[in-house]
Structure formats: structure tokens, C-alpha cells
Amino acid sequence: SFIFLFICYLKLDIKTIYLAGGCFWCTEALFQRLKGVKEVLPGYIDGNIKNPSYREVCSGRTGHAEAISIVYNPSSTSLLDLLLIFFNTH
């Protein structure tokens, strides 16, 4: 399973992490329920065509991975907790 991890700091009190490792529908629903998570957005990362469709990505020919971005408050939910949840559910 392809796993991509990239952390981007937006502000001192709010952070965003991008996780990819398979179907984003299940991971999106899981992270939306966590305290301190402000927003979870599904999408695609990497790949070799611009704005692929779901069908194109699922074909395996675009090089994209399904991913989610998680906007969270680290004073309520730690990065370690998010990573533990992610890796324990894959």
C-alpha cells in the first residue's frame, strides 16, 4: 500500500496533515469524528494528469493516490494520535 505523508503548518494553533494509503471514503469518515479535527477533505495526490476523475484514478494508470487532508487543533488532538489511528486502521 502506498503511503504518503506530508505535514503543512498553516498557523500556530491549527495544522494540516495529508495522508494517503488507499480509499479515502473510510478514512475521511473516521477522522471526521475526532475531537479537535476541524475539517477532513478527500482528494488525490501525485499522478501524471491534471484533475483526474475517480474512474481514472481507480484504473491505476494515472499514478495518483487517494488522500485526505486533516485540519486539526494540536492542543485537542496530537499528531501522534492521528498517525496512530491512521496506521492502526490500515
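Here the structure is a predicted model, which means the values were calculated and not measured. Because only heavy atoms are used, hydrogens play no part in the values below, and waters and symmetry mates are left out as well, while side chains stay in.
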What distance separates Asn73 CG from Ser78 OG, expressed to the nearest 0.5 Å?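 That separation rounds to 11.5 Å.
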What pair of heavy atoms forms the shortest contact from [X] to [Y], and how long is it?
X	Y	answer
Val57	His64	CG2-CB, 3.9 Å
Phe86	Thr89	O-OG1, 3.1 Å
Glu56	Ile49	OE1-CD1, 3.7 Å
Thr62	Pro52	CG2-CB, 4.5 Å
Leu79	Tyr72	CB-OH, 3.6 Å

Which is it for Ile70 and Thr16 under the side-chain contact (heavy atoms from CB on, under 4.5 Å) test, yes or no, and what are the steps along the way? CA-CA 5 Å; Ile70 304 169; Thr16 301; over 6 Å; no
Using atom types as modelled and distance alone, determine if a side-chain donor or acceptor of Asp81 lies under 3.5 Å from a backbone N or O of Thr77.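 Here the side-chain-to-backbone pair does not exist.
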Under 3.5 Å, side-chain donor or acceptor atoms of residues 33-40 against the rest of the protein: list the pairs with distances, not counting sequence neighbours.
none

Pick out which of Thr27, Ile45, Leu41, Leu30 makes a side-chain contact (heavy atoms from CB on, under 4.5 Å) with Ile68. Thr27
Can you name the ring-ring contact (aromatic ring centres under 6.0 Å, His included) partners of Tyr44, sequence neighbours left out? Phe24
Are Leu83 and Phe31 in one and the same hydrophobic cluster, where Ile, Leu, Val, Met, Phe, Trp and Tyr link if side-chain heavy atoms are under 4.5 Å apart?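 Same cluster.
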